[in-house]
There are 2 protein chains.
Amino acid sequence: MIKPLISLAALACAFPLQAQEAPKAPVTPNDVVAAAPANDWVRIPAEDLLVMDLAPDMNGKPRRVVIQLMPAPFSQGWVENIKTLARAHWWDGLSIYRSVDNWVVQWGDGEEEDADRTRPAKPLPEGLNVVPESEYVVSFLADEADQAGHLGLIDSYAEAVGLVRGLPVAQSGDAWWPTHCYASVGVARNLSPDTGTGAELYAVIGHAPRQLDRNIAVVGRVIEGIQHLSVLPRGTGAYGVYETEAEHTPIAQVRLASELQATASGSEATGTQGLPQPVFEYLDTSSESFARYAEVSANRNDDFYKAPAGGIDICNLKVPIRRVPTE
Amino acid sequence: MIKPLISLAALACAFPLQAQEAPKAPVTPNDVVAAAPANDWVRIPAEDLLVMDLAPDMNGKPRRVVIQLMPAPFSQGWVENIKTLARAHWWDGLSIYRSVDNWVVQWGDGEEEDADRTRPAKPLPEGLNVVPESEYVVSFLADEADQAGHLGLIDSYAEAVGLVRGLPVAQSGDAWWPTHCYASVGVARNLSPDTGTGAELYAVIGHAPRQLDRNIAVVGRVIEGIQHLSVLPRGTGAYGVYETEAEHTPIAQVRLASELQATASGSEATGTQGLPQPVFEYLDTSSESFARYAEVSANRNDDFYKAPAGGIDICNLKVPIRRVPTE
């Protein structure tokens, strides 16, 4: 997933040089991923994929953002709410209303209790959980303890960090929590003790804001289409909220992938623009392949690198995710 | 510089609540910065500011990007080259030709030795240094040693990290080097042992790519206007290079601020769009104010936060920088 940073000439130069000299043949993270056996890949359940179709861009191109929701036991009260909201088609017709550089892009209704609102807040569906702050963390996971620690990563914000069930988590004492990294999706909220419903969501578009860990619910991550969010113009109002309605990016629809599957022939009825249900899988973070991937990622010695780092932080150790071709 | 992440209602709610209850009055990082005495601020020399004016955006608004160049002793061979290139007006009429999500935006000529080039490479000015790889690091700085270590930060990529002369640096053994953080500016290069001239530059627009430390020269950071780079459409060609000339963002001009000053009345002649020379200062990273700022940043307990992080990483500890009003 990491592209070497080179000027345009480098790629052209690399192969002639290697042809003349003894090949160095270093192992890259991509090599490790390519060599991973099929059973090291884990399919993400369709009910854990949130598919957000924005209005087409100014050139008429579709903008699809796919979010993997957190697996149990993390943040499940909010994840349930998000599934309820998706099934109610609650986000359809709402918008992206906030964009702050090196911080977040945020979407939903954006009108709740706002003193300057120009229309009433959109009613929420019934049955949403009111999640207590205690659920920002979960208790010690005996079965996962070795997994999280086995990579030997060090961290500024927790006693330990690692990958559990495909996602980055942190741990101090008996508490475990999902971390904020680039492309993480979280639940916007009001002041404590409010924890948000999941109706107003944000995606991280900058350096990992780890200070938000344990302060806001992380409910997933964008696994495809983050660039449709990260390039949006930054808002110039308070907190980066857009000052005019014209600056908003409309949300055509948000669906669970499982719902798209169930209504495959009815895609026009739900406005899916005819795009197929996406299927993804991630490299099992408890596999030997992943351990090797982590080691190679932390010690790059391929042609572009001169000084291997000798370490890596949890948010730079990106879990390999790939799209599974569908018919 | 950190904005709390809230829904639109939070700000409106916060103050009524405080009026009714005993005020919590927690100290925020911004409070510390606002209270810093005037002599804790250090002016950035005009000859260390690179001012890049892009073509106006589609709404006709100016796009100015201001880069602070690295102070001695870091990366000075490349910094000298960049000043030579700026004085030769070398970047004028060139463009931004590459944009990769969560990675970098890159500019310059972009045609050097490219097999598919449609025009000859632009000749470089005479007198550029050929900088050896050994200059990616500098030797132990006795006078600065205490400064870098005194914040007690921990790091995944080095024995120690800290702030020296206003910029984030890392250290292992006798070697010190500037770190890659969000908005850092570096020198694109070909394969080792090439180190680049400084003609092709990039800015980081994602999570800190610290694995590039000691592998590419960091020559500064964007201190204003990073959003003009981070929102550019991502390139769809190899390595995120734009596939068509139409996708490039033209560079109107690049000047040292000291040069703008020298030609203040001649701004039209050099195409500066009439914008004044910018003046900036940063919070002295060896000051008591900065130490307090770091402590408060690592332990947020203001209204929005429930769980102080208890730590912070070097790239989240953003050095406060402010614009000095000019006549």
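On a predicted model such as this, the values are computed, not experimentally measured, just so you know. Only heavy atoms go into these numbers, but all of them, side chains included; no hydrogens, no water, no symmetry mates. Here is the naming used below: chain letters follow the sequence lines, and residue numbers restart at 1 for every chain.
If you measure heavy-atom distances from D155(B) to chain A, the contacts under 4.5 Å come from the backbone alone. Looking at L232(A), only its backbone comes within 4.5 Å of chain B, counting heavy atoms on both sides. Contact annotation for Y157(A): both backbone and side-chain heavy atoms come within less than 4.5 Å of a heavy atom of chain B. For P308(B), the part lying under 4.5 angstrom from a heavy atom of chain A is the backbone only.
Expressed to the nearest 0.5 Å, how far CG of N299(B) lies from CD of Q211(A) amounts to 11.5 Å. Atoms CG and OG, on D303(B) and S192(A) in that order, are 9.0 Å from each other to the nearest 0.5 Å.
In this structure the side chain of V231(B) never reaches within 4.5 angstrom of the side chain of P233(A), judged on heavy atoms. Using a 4.5 Å heavy-atom threshold, the side chains of M58(A) and M58(B) count as touching. I226(B) places a side-chain heavy atom less than 4.5 Å from the side chain of D101(A).
Interface remark: of the candidates N102(B), I154(B), D57(B), N102(B) forms the most heavy-atom pairs closer than 4.5 Å to chain A. Note on G206(B), G310(B), S230(B), A309(B): by heavy-atom pairs under 4.5 Å with chain A, the leading option is S230(B). Of the listed residues P209(B), G311(B), A307(B), the one with more heavy-atom pairs under 4.5 angstrom with chain A than any other is A307(B).
A cation-pi arrangement is found for R189(B) relative to F304(A), the charged atom lying closer than 6.0 Å to the ring centre and inside a 45° cone about the ring normal.
Panel note: side chain H207(B), backbone Y182(A); no donor-acceptor pair is recorded below 3.5 Å. Under a 3.5 Å cut-off, the side chain of N316(A) and the backbone N or O of A208(B) do form a donor-acceptor pair. Proximity of a side-chain donor or acceptor of N215(B) to a complementary backbone N or O of K306(A) within less than 3.5 Å is detected.
Remark: D213(A) engages W177(A), H180(A), R210(A) in a side chain to side chain donor-acceptor pair (under 3.5 Å) (not counting sequence neighbours). For the side chain to side chain donor-acceptor pair (under 3.5 Å) test, residues two or more places apart in sequence or in another chain that qualify with S95(B) are H248(B).
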